[in-house]
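The block underneath contains the structure these notes are about, expressed in C-alpha cells.
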Amino acid sequence: DRDKMALWGHSAGGQIAMMAALQRPEEVCCAVALGAPSDLEAQARIEHLDDVFTPAQLRSASPLHQEGHGGSPILQVHGTSDRVCDIEQARAHARARAQVELIEVPDGDHGLRWPPVAALRARRRAIQWMVDQLDMPERGSKWRRRKKKER
C-alpha cells in the first residue's frame with residue numbers, strides 16, 4: 001500500500017529514515033530510528049566527520065536542523081548508555097519537534113542489545129507504534145479465520 005510506507009533504520013539508517021520522514025511526508029507515513037544521530041554536527045566531534053564534510057553539509061543532513069516543523073511522525077529509540085551516538089541528540093530532537101517521540105532504554109547500548117529485556121521491550125513498543133501509525137489490522141487475524149473455516 002503506497003499510502004502506508006514506513007521506514008525503520010538503525011544508526012545511519014535511522015538518520016536517513018528520519019530525513020525521509022521530514023522531507024517526504026507525502027510518501028513516508030512514519031519512521032522509526034534506533035540509536036540514530038539527529039545532529040551530525042555534534043556527531044562530527046566524535047567520528048571526525050568534519051574531515052570529510054563541511055559544517056553546512058553536516059547541518060543540512062541533520063534531522064534536528066531541518067527547517068519547519070512538518071513531516072511524518074518519527075519514533076526514536078535510544079539507549080541512555082549509547083557511546084556511539086549520545087542520547088542528548090535524540091532528546092534535543094524530541095524537544096524540538098512535536099511529531100518526534102522518544103523511547104529511552106535505560107543503560108541501553110548503541111545496538112540496543114543490552115540490557116536484553118529492556119531492549120526487547122523497547123523494540124516491541126516501536127513495532128506497536130509503527131503498526132498504530134499505519135493503522136494496520138492485527139497480524140494473523142485473517143489466518144486464524146481461514147484456519148477455523150477449514151476445520
Side-chain angles (χ1 to χ4, degrees), residues 1-53 55-141:
D1 185 345
R2 288 183 171 198
D3 295 329
K4 294 186 177 186
M5 182 169 63
L7 301 175
W8 181 293
H10 173 255
S11 198
Q15 177 263 337
I16 293 169
M18 289 190 291
M19 290 294 290
L22 292 169
Q23 293 182 347
R24 310 290 283 235
E26 66 282 353
E27 296 171 25
V28 178
C29 181
C30 64
V32 174
L34 308 172
S38 316
D39 183 357
L40 295 182
E41 289 179 301
Q43 198 66 26
R45 293 187 284 275
I46 300 168
E47 296 189 32
H48 305 290
L49 297 173
D50 49 357
D51 292 344
V52 179
F53 302 103
Q57 288 171 324
L58 292 169
R59 189 172 185 81
S60 71
S62 298
L64 177 63
H65 299 297
Q66 295 304 297
E67 293 193 22
H69 291 283
S72 299
I74 296 171
L75 177 66
Q76 289 188 262
V77 183
H78 214 102
T80 60
S81 296
D82 188 335
R83 292 190 175 137
V84 176
C85 180
D86 189 13
I87 191 166
E88 287 306 318
Q89 290 185 41
R91 288 174 178 159
H93 194 214
R95 282 191 304 268
R97 294 185 183 278
Q99 79 269 30
V100 176
E101 295 179 47
L102 174 62
I103 295 175
E104 293 188 21
V105 180
D107 300 320
D109 64 359
H110 182 64
L112 291 173
R113 290 179 294 274
W114 190 261
V117 174
L120 178 62
R121 283 186 185 138
R123 285 193 301 274
R124 285 184 178 161
R125 281 181 57 198
I127 291 168
Q128 187 58 54
W129 179 88
M130 182 178 276
V131 167
D132 292 345
Q133 293 298 315
L134 293 173
D135 194 27
M136 294 172 56
E138 285 189 37
R139 288 178 26 193
S141 60

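For this chain, numbers begin at 1 and follow the sequence in order. Just so it is clear, the model here is predicted, and its values are computed rather than measured.
With rounding to the nearest 0.5 Å, the separation of OG in Ser60 from NE2 in His65 is 10.5 Å. Going from atom CG of Asp39 over to atom CD of Gln15 covers 10.5 Å, rounded to the nearest 0.5 Å. Note that CD of Gln43 and OG of Ser62 are 9.5 Å apart. Values are rounded to the nearest 0.5 Å. In this structure, CG on Leu64 lies 8.0 Å from CZ on Arg59, to the nearest 0.5 angstrom. With values rounded to the nearest 0.5 angstrom, His78 atom NE2 is found 13.0 Å from Ile103 atom CD1.
A side-chain donor-acceptor contact under 3.5 Å links Gln99 to the backbone of Gly70. Panel note: side chain Ser11, backbone Ala36; no donor-acceptor pair is recorded below 3.5 Å.
Scanning all heavy atoms of the two residues, the minimum distance from Leu75 to Leu102 falls at CD1-N, 4.3 Å. Taking both residues in full, the closest heavy atoms of Pro37 and Pro63 are given as O-CD, 4.1 Å, listed atom of the first, atom of the second, then distance. Among all heavy-atom pairs drawn from Gly35 and Asp82, the shortest one is CA-OD2, 4.0 Å. Smallest separation of non-hydrogen atoms from Leu34 and His10: O-CD2, 3.2 Å. Residues Val84 and Ile46 come closest through the heavy atom pair O-CD1, 4.0 Å.
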Let me have the donor-acceptor pairs involving side chains of residues 17-32, under 3.5 Å, with sequence neighbours excluded, atom names and distances please.
unit_1: Gln23; atom_1: NE2; unit_2: Gln66; atom_2: OE1; d: 2.9
unit_1: Arg24; atom_1: NE; unit_2: Glu27; atom_2: OE2; d: 3.3
unit_1: Arg24; atom_1: NH2; unit_2: Glu27; atom_2: OE2; d: 2.9

Donor-acceptor contacts under 3.5 Å from residues 122-135 side chains, at least two apart:
unit_1: Arg123; atom_1: NH1; unit_2: Leu112; atom_2: O; d: 2.5
unit_1: Gln128; atom_1: NE2; unit_2: Asp132; atom_2: OD1; d: 2.8
unit_1: Trp129; atom_1: NE1; unit_2: Glu101; atom_2: OE2; d: 3.0

Is there a side-chain contact (heavy atoms from CB on, under 4.5 Å) between Gln57 and Leu40 once you walk through the steps? CA-CA 9 Å; Gln57 288 171 324; Leu40 295 182; over 6 Å; no
Apply side-chain contact (heavy atoms from CB on, under 4.5 Å) to Gln89 and Gln76, showing your working. CA-CA 10 Å; Gln89 290 185 41; Gln76 289 188 262; over 6 Å; no
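Asp86 meets the side-chain contact (heavy atoms from CB on, under 4.5 Å) test with Glu88; sequence neighbours excluded.
Proximity of Glu104 to Ile87: side-chain heavy atoms (C-beta onward) are separated by under 4.5 Å at one or more points.
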